[in-house]
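So the structure is just underneath, and the comments pick up after that.
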2 protein chains.
Amino acid sequence: MVERSAKRRDLTLDKVVEAALAILRTEDEAALTMRRVARDLGVTPMALYHHLPDKDALLNAAVDQVFLDAARAAAPQEMDWRDELSWFMSEVRDPLVASPGIGQVFVRQPVLGPGTALTTERMFRLLRAGGVTGDALAEAVDSITLLTIGSIANEISRPAEVRLQLPGFLEAPEVLPDHIDTYARRDGRARYLQALTWLMDGIETKAGISPNG
Amino acid sequence: MVERSAKRRDLTLDKVVEAALAILRTEDEAALTMRRVARDLGVTPMALYHHLPDKDALLNAAVDQVFLDAARAAAPQEMDWRDELSWFMSEVRDPLVASPGIGQVFVRQPVLGPGTALTTERMFRLLRAGGVTGDALAEAVDSITLLTIGSIANEISRPAEVRLQLPGFLEAPEVLPDHIDTYARRDGRARYLQALTWLMDGIETKAGISPNG
DNA sequence: ACCTGAACACCGTTCAAGT
DNA sequence: ACCTGAACACCGTTCAAGT
């Protein structure tokens, strides 16, 4: 990570973004400071500002890159559109959960660029291929987006121990204690895919489209 | 807000939490600093640490209070369980969206206390009353929780202008441009309730419970 | 026990200066 | 044009001291 470049004209936007990603992939968002990125690149903090307007722009560029990689992934085989949607959404969600720093940024601030644009376009294409049309198409993509953001936020910030403590705060618990183990069990990816399945079942039923579009 | 208390033994945990909430209700999360809370209370920053271990604890207490208010709200009239669930989840979601500072904290860090515990318990009771049983009960509550977190995160951090810019990043857009107006339209609450309806439709269908359980 | 004051180890970013 | 160095206006929190 620590490259002693330091010569003039050696620094590029790509290098700065890569250095930021390297930090976010292994450490907390708090570890990503402009001073730290500069140090890893062997440069003064202010050198970064010649390639980027501010820290937000750096975070945006780094996280969008992760979306671009996911959005370009090719499906491993021929699939039913519902299966392909589940596969694709995992492809998007997994890297954000695997690198907490990246997920933290995504949850906190808007990410706008080729990566998020292509990801959105691909979600639209998959659902349209499934027979979702009209306003329901944009609304379905919106629903899936909300669920995905929530799943990432929840998995990153809420370890199982948090939920396990919930019953202790209740004066007259009735239902929670019996179900807290199931509720707190950490299985974020499976839970997300199940919720996605339920959501798609609801969309198919009410939008009046035939299963297997 | 600026009360010149400053006398000894005047400061209490409740006052500190109230001062924090007052800031979060009208300003960004960034506005909530320990120094600012202390200033609003007419006290030294270090005085706060005699009532709280650290800033996270203060944020947790403040946001949990918002959940407690929502969890204690009484339904305005007799309702179908599905309608009551929609009403209750709005009761939870709306204050977090209306006060960006509060929503920002909730999305970023776990909130644990009487408020979140009672909110969760009440979600369990409503779904059980609807006939959802076994593991599906905890899984359904989990799904709704994810959707709710995502809806709050999305509404707080992503204004409509962000989505409207997406097509501009595509080299060969096919579907997005035709649907971007619908996709970007700001109608967060209705979108959330629709996604919740779709989710519940899917849960009812696949969990094999009768409508109006 | 409760609060103050000074200090530590940080931040992002502006500004003026170097080459 | 590209980078450095010093400085500004902040942070959360520790530590020692007052009453």
Side-chain angles (χ1 to χ4, degrees), chain A residues 1-24 27-63 100-101 104-105 108-111 157, chain B residues 1-24 27-63 100-101 104-105 108-111 157:
Chain A
M1 234 57 58
V2 181
E3 301 161 24
R4 289 280 134 203
S5 46
K7 287 165 203 153
R8 273 166 177 274
R9 307 242 37 178
D10 255 22
L11 199 63
T12 62
L13 177 59
D14 277 357
K15 281 188 185 174
V16 177
V17 172
E18 255 316 310
L21 264 178
I23 295 170
L24 289 176
E27 295 174 62
D28 229 46
E29 193 199 343
L32 196 141
T33 67
M34 297 302 269
R35 288 165 144 100
R36 164 70 185 281
V37 173
R39 180 155 46 83
D40 286 356
L41 289 165
V43 106
T44 275
M46 287 317 299
L48 307 178
Y49 286 87
H50 225 271
H51 302 266
L52 286 155
D54 53 28
K55 188 182 178 185
D56 270 5
L58 174 55
L59 292 173
N60 184 83
V63 177
Q104 284 166 346
V105 174
R108 187 176 47 68
Q109 75 176 43
V111 178
S157 68
Chain B
M1 233 53 59
V2 180
E3 301 160 24
R4 288 281 131 202
S5 46
K7 288 165 201 153
R8 273 164 177 275
R9 306 241 37 175
D10 255 22
L11 199 62
T12 64
L13 178 57
D14 277 356
K15 282 189 185 174
V16 177
V17 172
E18 255 316 311
L21 264 178
I23 295 170
L24 289 176
E27 295 173 61
D28 229 46
E29 193 200 343
L32 197 141
T33 67
M34 297 301 270
R35 288 166 144 100
R36 164 72 185 279
V37 173
R39 181 155 45 84
D40 287 356
L41 289 164
V43 104
T44 274
M46 287 316 299
L48 307 178
Y49 287 86
H50 226 271
H51 303 266
L52 285 155
D54 53 28
K55 189 183 177 184
D56 270 6
L58 173 55
L59 292 173
N60 184 84
V63 177
Q104 284 166 348
V105 173
R108 187 175 46 69
Q109 75 175 43
V111 178
S157 68

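In what follows, chains are A, B, ... by sequence order, proteins preceding strands, each numbered from 1.
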Interatomic distance where CZ belongs to B:Arg35 and C1' belongs to D:dC11 [whole Å]: 6 Å

Atom pair distance, as rounded to whole Å: CG in B:Leu32 and C1' in D:dC11: 12 Å

Rounded interatomic separation in angstrom, taking CG from A:Leu48 and P from D:dT4: 9 Å

Short side-chain N/O contact from A:Thr33 to OP1 or OP2 of C:dC11, under 4.0 Å: yes

Value in whole Å for how far the P atom of D:dC2 lies from CG of A:Leu13: 12 Å

Nearest listed nucleotide, side chain of A:His50, among D:dA1, C:dA6, C:dC2: D:dA1

Whole angstrom value for the distance that separates C1' of C:dC3 from CG of B:Leu52: 15 Å

Whole-Å gap separating C1' (D:dC11) and CG (B:Leu59): 14 Å

Which atom pairs, donor and acceptor, lie under 3.5 Å between side-chain atoms of residues 49-58 of chain B and protein residues at least two apart or in another chain?
{"from": "B:Asp54", "atom 1": "OD1", "to": "B:Asp56", "atom 2": "N", "distance (Å)": "3.4"}
{"from": "B:Asp54", "atom 1": "OD1", "to": "B:Ala57", "atom 2": "N", "distance (Å)": "3.1"}
{"from": "B:Lys55", "atom 1": "NZ", "to": "B:Leu32", "atom 2": "O", "distance (Å)": "3.0"}

Dot-bracket line, read 5' to 3' along DNA chain C, where crossing pairs take [ ] and | marks a partner on another strand, Watson-Crick or G-U under 3.5 Å: ||.|||||...|||||.||

Basic-acidic side-chain contact under 4.0 Å: A:Glu29, B:Arg108: no

Atom-to-atom span, CE of B:Met34 to C1' of D:dC10 - whole angstrom: 16 Å

Contact under 4.0 Å: B:His51 side-chain N or O vs C:dC3 OP1/OP2: yes

Spacing of B:Tyr49 atom OH relative to C:dT4 atom C1', expressed in whole Å: 15 Å

C1'-based separation of D:dC15 from C:dC3 [nearest Å]: 14 Å

